[in-house]
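The structure under discussion appears below in the form of structure tokens.
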Amino acid sequence: MKKFRFGQAAVYVVLGLALIPVLFPIYYGFVGAVMGPGDLATYPPALVPHELYWQNITDVFRSVPLGRFYVNSAVQAGAITVAQIVTSILAAYAFAFLRLPAKAATFALFLATLMVPWEAIIIPNYLAISGWGLARGGLTYLGLVLPFLASAFGTFLLRQAFLQFPTELRDAAVIDGCGHWRLLWQVIVPLSKPSIAAVGVYVFLSAWNQYFWPLILIRDSEYQTLQIGISQLNDAEAAQPGLVLAGVALSLLPTLAVVLFGQRYIVRGLTAGALR
């Protein structure tokens with residue numbers, strides 16, 4: 001028992017030490033957002049503000065249209081999340097339950113797309129989107145979303161979750177008169193909420209933090225996303241690190257909220273297909 005307690009304590013100590021470099025950038029981002037210029041200019045850097053300097057946050061809203069950036073990012077991330085959840089559910093059901101020719105080979109080819117780096121296809125995507133005129137005006141939203149309507153990762157995760165359903169439950173639903181559409185949306189989807197939520201959280205975080213694609217696609221400043229807009233603070237106000245940290249802290253709030261409230265769904269969703 002003593003050895004067990006000592007080993008358990010050692011594990012917690014190691015995990016606590018490993019957590020410091022992970023959480024420190026987040027901590028300093030929020031603390032630096034309310035530090036005055038004097039605290040930020042000291043050497044070695046101050047880890048705790050001597051007084052709260054809220055002017056950094058108010059200056060962010062004066063320097064850039066932060067509210068507009070939030071709306072643009074919310075529209076982009078929300079549309080991508082909804083689209084990928086719907087397409088992943090439909091594709092996962094097809095791969096899990098439907099009789100398709102060469103289904104195993106098709107699914108393997110589908111998963112192989114995960115090994116293709118985004119940088120390898122970004123130029124063809126840009127040429128297609130810009131050629132269709134989806135990089136100007138209100139169509140910019142469609143251009144931001146269109147290349148990300150489907151995801152092999154979400155399809156794989158939900159397929160593994162769907163395969164865990166008891167055969168007896170599906171047979172009972174079919175005997176009761178359920179077709180494929182009713183079986184999917186009235187039986188399988190309600191019982192797969194943790195896995196679907198895990199996919200939604202993962203997709204939302206990935207879409208919210210996109211930088212390169214919005215950077216090369218957006219031509220009108222009115223449609224810039226939050227990540228691109230915050231970078232303007234570094235360009236225009238390089239001598240004010242507190243202003244940059246305040247912008248970064250404000251951009252982190254939605255992602256931290258999603259992670260805190262959705263982490264249990266992520267764990268449950270990622271382990272849904274681990275045991276048979």
Side-chain angles (χ1 to χ4, degrees), residues 76-132 134-135 142-167 169-171 173-174 178-185 187-189 191-214 216-217 262 265-276:
Q76 178 206 13
I80 291 176
T81 301
V82 172
Q84 286 202 20
I85 287 177
V86 173
T87 55
S88 296
I89 288 174
L90 296 175
Y93 181 86
F95 282 123
F97 301 127
L98 299 185
R99 294 182 179 180
L100 303 173
K103 183 168 70 173
T106 304
F107 185 64
L109 182 64
F110 195 73
L111 290 182
T113 60
L114 290 172
M115 295 184 289
V116 179
W118 168 245
E119 292 76 10
I121 59 175
I122 194 169
I123 294 178
N125 277 324
Y126 175 76
L127 293 176
I129 295 298
S130 60
W132 295 338
L134 301 181
L142 185 58
L144 289 171
V145 172
L146 195 59
F148 306 97
L149 294 182
S151 168
F153 174 79
T155 301
F156 170 76
L157 185 65
L158 292 183
R159 173 185 176 271
Q160 298 305 111
F162 290 173
L163 289 176
Q164 305 307 307
F165 277 85
T167 306
L169 181 61
R170 298 199 304 269
D171 292 342
V174 172
C178 284
H180 289 298
W181 193 255
R182 184 180 173 191
L183 175 64
L184 172 62
W185 294 108
V187 179
I188 294 180
V189 168
L191 297 177
S192 302
K193 288 181 180 179
S195 298
I196 295 173
V199 173
V201 170
Y202 174 80
V203 173
F204 179 85
L205 293 176
S206 300
W208 183 270
N209 292 320
Q210 280 187 9
Y211 182 82
F212 193 38
W213 178 245
I216 67 172
L217 183 70
Y265 296 110
I266 296 177
V267 175
R268 292 173 62 183
L270 293 177
T271 58
L275 299 176
R276 293 299 303 270

Should I196 and V189 be marked as a side chain to side chain contact (heavy atoms under 4.5 Å, CB included) after you check the CA-CA gap, both sets of side-chain angles, and the distance that decides it? CA-CA 8 Å; I196 295 173; V189 168; 3.8 Å; yes
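Remark: P166 engages E168, L169 in a side-chain contact (heavy atoms from CB on, under 4.5 Å) (not counting sequence neighbours). A search for side-chain contact (heavy atoms from CB on, under 4.5 Å) contacts involving L149 returns A83, V145, L146, not counting sequence neighbours. Scored by the side-chain contact (heavy atoms from CB on, under 4.5 Å) test, I216 finds I122, Y126, F212, W213 as partners (sequence neighbours excluded). Partners of F156 by side-chain contact (heavy atoms from CB on, under 4.5 Å), not counting sequence neighbours, listed by chain and number: F107, L111, Q160.
Residue pairs meeting the side-chain hydrogen bond (donor to acceptor under 3.5 Å, both in side chains) criterion with at least one member in residues 112-121: none, sequence neighbours excluded. The side-chain hydrogen bond (donor to acceptor under 3.5 Å, both in side chains) contacts involving residues 89-102 comprise Y93-H180, where partners must be two or more places apart or lie in separate chains.
Taking the side chain as every heavy atom from C-beta outward, F162 and S195 never approach each other to under 4.5 Å. Between I80 and Q210, some side-chain heavy-atom pair lies under the 4.5 Å cut-off. For the pair W132/L142, no side-chain contact is recorded, criterion being any heavy-atom separation below 4.5 Å from C-beta on. Contact annotation: the side chain of L158 approaches that of I89 to within less than 4.5 Å [non-hydrogen atoms, C-beta and beyond]. Taking the side chain as every heavy atom from C-beta outward, L184 and F97 never approach each other to under 4.5 Å.
The two residues P214 and Q76 have their closest heavy-atom pair at CG-NE2, 4.0 Å. Residues L100 and A94 approach most closely at CD1-O, 3.9 Å, considering heavy atoms. For the pair A198 and L157, the tightest heavy-atom approach, listed with the atom from each and the gap, is CB-CD2, 4.4 Å. Between A120 and P124, the closest heavy-atom pair is O-CD, 4.2 Å. Between L217 and I129 the shortest heavy-atom distance is CD1-CG2, 3.6 Å. Smallest separation of non-hydrogen atoms from S88 and S151: OG-O, 3.8 Å.
Summarising the geometry, atom CZ belonging to F110 is positioned 4.0 Å from atom OG1 belonging to T155; distances are rounded to the nearest 0.5 Å. Atom-to-atom distance recorded for W185:CH2 and C178:SG is 14.5 Å, nearest 0.5 angstrom.
Looking only at distances, a side-chain donor or acceptor of T87 sits under 3.5 Å from a matching main-chain atom of Q84.
Within 6.0 Å of atom CG in L98, more than 12 heavy atoms from other residues, nucleotides or ligands are found, so the atom counts as buried in its surroundings.
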